[in-house]
There are 2 protein chains.
Amino acid sequence: MQSLSLRERVLIYLAEAGGITTSLRITTPVLSKHFSTSQQSASRLLIILEKEGLIDRRVVGRTSYVKLTQKGVARLLDLYLTLKMIFERPVKVVLEGRVFSGYGEGSYYMSVPGYVKQVEEKLGFLPYPGTLNVTLLSKDSIENRMFLQKYADIELSGFKDDRRTYGNVKAIRVLLNDTEPAVMIFPERSLYDSSVAELISQYNLRDKLGLTDGSLVRISAVLQPKIFYEGFKSKISLSQPPA
Amino acid sequence: MQSLSLRERVLIYLAEAGGITTSLRITTPVLSKHFSTSQQSASRLLIILEKEGLIDRRVVGRTSYVKLTQKGVARLLDLYLTLKMIFERPVKVVLEGRVFSGYGEGSYYMSVPGYVKQVEEKLGFLPYPGTLNVTLLSKDSIENRMFLQKYADIELSGFKDDRRTYGNVKAIRVLLNDTEPAVMIFPERSLYDSSVAELISQYNLRDKLGLTDGSLVRISAVLQPKIFYEGFKSKISLSQPPA
DNA sequence: ATTACTATTTCCCGAGTAA
DNA sequence: TTTACTCGGGAAATAGTAA
């Protein structure tokens with residue numbers, strides 16, 4: 001976390017080392033080495049933090065002891081709670097695009113008994129034999145489609161009938177235009193690329209919502225943050241407490 | 001959170017406003033007002049964040065759209081996880097001090113049936129009729145005693161007998177010298193001030209641990225962070241997402 | 001309206017050094 | 001050994017202004 005200001009980095013460093021409940025013995029040369037800065041800067045940093053009331057310092061003989069004040073803890077706690085808000089709240093993912101007519105493949109799929117049966121079992125409805133195809137309009141929407149694909153937790157297994165093999169299909173529940181429950185599907189080998197969303201429902205969505213080719217629609221899903229942020233983590237830690 | 005570097009504050013601001021999943025329409029004057037800085041700085045800030053690969057920008061006509069990149073999210077997530085480590089781990093609170101002989105009051109209390117009975121019920125042992133008194137040595141220890149007092153979750157209720165009234169006593173389980181289970185008590189109206197810790201146990205702690213007046217002892221307790229940090233929170237929020 | 005360039009000022013960092 | 005001062009150079013913020 002290179003670009004965090006040194007003040008916070010020092011405060012976090014001290015907190016990690018136990019400086020919330022214990023006075024830590026720390027010297028400016030040691031501190032400076034940890035942050036690859038000069039002894040003078042380390043000294044100045046402690047002076048500033050003390051002046052701002054974020055740490056208490058006590059010089060006993062030749063060593064000084066440092067501890068976070070309530071205000072110092074509050075600073076970090078505020079920051080923590082703000083970030084917690086951001087990362088723990090449900091993640092609303094929105095895709096926007098326009099309805100278009102597909103190749104008729106979706107319709108075909110959703111009338112194959114092997115899929116129909118699984119939809120009924122795993123999603124709880126009898127699918128209307130056709131998919132609603134949506135071309136995504138923005139880069140955001142396309143990126144978000146990929147997130148949804150990663151997160152899609154319902155799996156329709158592939159199978160064979162006497163004619164051909166059918167691939168696996170991942171699926172996730174979404175809302176169409178904020179109100180209509182639907183399911184977005186991700187066929188393992190789709191005819192479309194990641195700029196197209198395919199939706200199924202027990203209803204004919206075109207009829208029910210009065211959609212025609214070119215209609216603007218909004219697909220939204222709410223994800224659990226824990227799963228959503230997997231893969232975002234970088235492996236570099238912020239700082240290590242003293243040995 | 002005044003002293004966080006502007007880079008992070010902007011990144012957090014954008015994340016709060018939904019910039020993790022959505023491209024946000026944001027202008028440099030608006031941004032500058034939010035952070036009480038100049039329009040030029042806001043502009044430069046976005047340029048820097050983009051150059052560092054933390055945000056994506058797209059200028060469409062006269063407005064620009066901003067979204068955090070994976071790297072940008074990773075930055076904040078790292079910071080979040082570091083703070084989470086600090087604030088969610090159990091808090092070990094340590095007090096150090098020296099054994100001294102009290103006024104004999106503790107001994108008296110711990111032989112009063114009204115207390116003895118409650119200790120047996122609520123703590124599960126028959127108390128040795130006497131307290132171990134410890135004068136705390138450092139400011140840290142005294143502060144930590146106050147935290148323990150606040151946190152002490154076992155309550156021995158006051159009562160009356162035919163002679164006098166006895167006040168409420170709060171109590172918390174601790175370890176003496178890292179190994180010996182004991183209970184630290186906080187009489188509502190103690191004879192001692194906050195620089196003295198009073199311990200009870202089913203054993204005579206002096207005998208069991210070979211302690212005499214002046215012996216250095218270490219009292220430790222492990223607290224749940226959620227309760228420990230109550231009261232640290234400041235009421236000022238870090239930043240507000242745009243209206 | 002915007003964004004962002006160039007100049008000036010302000011602030012921060014590190015070397016030298018004292019206590 | 002420490003901590004922390006002064007001071008010079010460089011980075012960052014603001015003001016003015018162009019596009």
Side-chain angles (χ1 to χ4, degrees), chain A residues 1-14 17 19 22-69 72 75 139 239 242-243, chain B residues 1-14 17 19 23-69 72 75 139 238-239 242-243:
Chain A
M1 198 66 180
Q2 192 51 252
S3 66
L4 250 193
S5 89
L6 271 187
R7 280 176 184 70
E8 277 68 37
R9 289 175 68 202
V10 170
L11 220 50
I12 290 169
Y13 171 84
L14 295 173
T22 318
S23 287
L24 302 171
R25 228 188 104 172
I26 193 96
T27 67
T28 53
V30 167
L31 198 62
S32 69
K33 263 162 220 152
H34 247 281
F35 291 101
S36 309
T37 185
S38 65
Q39 175 273 322
Q40 292 87 337
S41 289
S43 171
R44 226 197 344 260
L45 232 24
L46 292 179
I47 292 170
I48 290 170
L49 289 175
E50 186 179 20
K51 205 179 291 175
E52 291 186 349
L54 301 173
I55 61 171
D56 272 340
R57 299 178 81 198
R58 220 155 16 92
V59 183
V60 180
R62 69 185 67 205
T63 51
S64 58
Y65 292 83
V66 171
K67 190 183 174 185
L68 270 73
T69 60
R75 273 286 169 87
K139 201 183 157 203
S239 70
Chain B
M1 197 65 182
Q2 192 50 253
S3 66
L4 251 193
S5 89
L6 270 188
R7 280 175 184 69
E8 276 69 35
R9 289 175 68 202
V10 170
L11 220 51
I12 290 169
Y13 171 84
L14 295 174
S23 288
L24 302 171
R25 228 188 104 171
I26 193 96
T27 67
T28 53
V30 167
L31 200 62
S32 68
K33 262 162 222 153
H34 249 283
F35 291 102
S36 310
T37 185
S38 64
Q39 174 273 321
Q40 292 87 339
S41 290
S43 171
R44 214 164 27 77
L45 231 25
L46 292 179
I47 292 169
I48 290 170
L49 288 176
E50 187 178 20
K51 206 179 290 173
E52 291 185 349
L54 301 173
I55 61 171
D56 273 339
R57 296 178 83 197
R58 221 154 17 91
V59 183
V60 180
R62 69 187 65 206
T63 51
S64 56
Y65 291 83
V66 171
K67 189 183 174 186
L68 270 73
T69 61
R75 272 288 168 86
K139 201 184 157 200
L238 194 61
S239 69

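Naming: A, B, ... by sequence-line order, numbering from 1 per chain. Computed over heavy atoms, backbone and side chain alike; hydrogens, waters and symmetry mates excluded.
- The phosphate of dT2(C) has neither OP1 nor OP2 within less than 4.0 Å of any side-chain N or O from Arg25(B).
- If you check dT2(D), dG16(C), dC5(C) against the side chain of Gln40(A), the one that comes closest is dG16(C).
- Between the P atom of dT1(D) and the CG atom of Leu31(A) lies a distance of 18 Å, rounded to the nearest Å.
- In terms of phosphate contacts, Ser64(B) brings a side-chain nitrogen or oxygen within less than 4.0 Å of OP1 or OP2 of dT3(C).
- Here dC11(C) presents its P atom at 13 Å from NZ of Lys51(A), a figure rounded to the nearest Å.
- Atom-to-atom, CZ of Arg9(B) to P of dA13(D) comes out at 12 Å; the value is rounded to the nearest Å.
- Straight-line distance from the CD1 atom of Ile26(A) to the P atom of dA4(D): 14 Å, rounded to whole Å.
- Across all strands shown, Ser43(A) has heavy atoms under 4.0 Å from base atoms, whether or not it also approaches the sugar-phosphate.
- Distance Ile48(B) CD1 to dA4(C) P: 12 Å, rounded to the nearest Å.
- Residues Thr28(B) and Leu45(B) fail the side-chain proximity criterion, which asks for heavy atoms closer than 4.5 Å.
- In this structure, Ser41(B) does not reach the dA13(D) phosphate: none of its side-chain N or O atoms is under 4.0 Å from OP1 or OP2.
- Judged by distance alone, the side chains of Gln40(A) and Ser43(A) never bring a donor and an acceptor atom under 3.5 Å apart.
- The side chain of Arg44(B) places an N or O atom within less than 4.0 Å of a non-bridging phosphate oxygen (OP1 or OP2) of dA13(D).
- Contact check, Thr37(A) against dG14(C): a side-chain N or O comes under 4.0 Å of OP1 or OP2.
- Going from atom NZ of Lys33(B) over to atom P of dT2(C) covers 7 Å, rounded to whole Å.
- Residue Leu46(B) is out of contact with every strand shown, counting any heavy-atom pair closer than 4.0 Å.
- Between Arg9(B) and Leu6(B), some side-chain heavy-atom pair lies under the 4.5 Å cut-off.
- At distances below 3.5 Å, not a single donor-acceptor pair connects side-chain atoms of Ser32(A) with backbone N or O atoms of Ala42(A).
- The phosphate of dA4(D) has OP1 or OP2 within less than 4.0 Å of a side-chain N or O from Arg57(A).
- Between the Thr69(A) side chain and the Leu54(A) main chain, a donor and an acceptor come within less than 3.5 Å of each other.
- Between the P atom of dT2(C) and the CD atom of Gln39(B) lies a distance of 9 Å, rounded to the nearest Å.
- Distance Arg58(B) CZ to dT3(C) P: 15 Å, rounded to the nearest Å.
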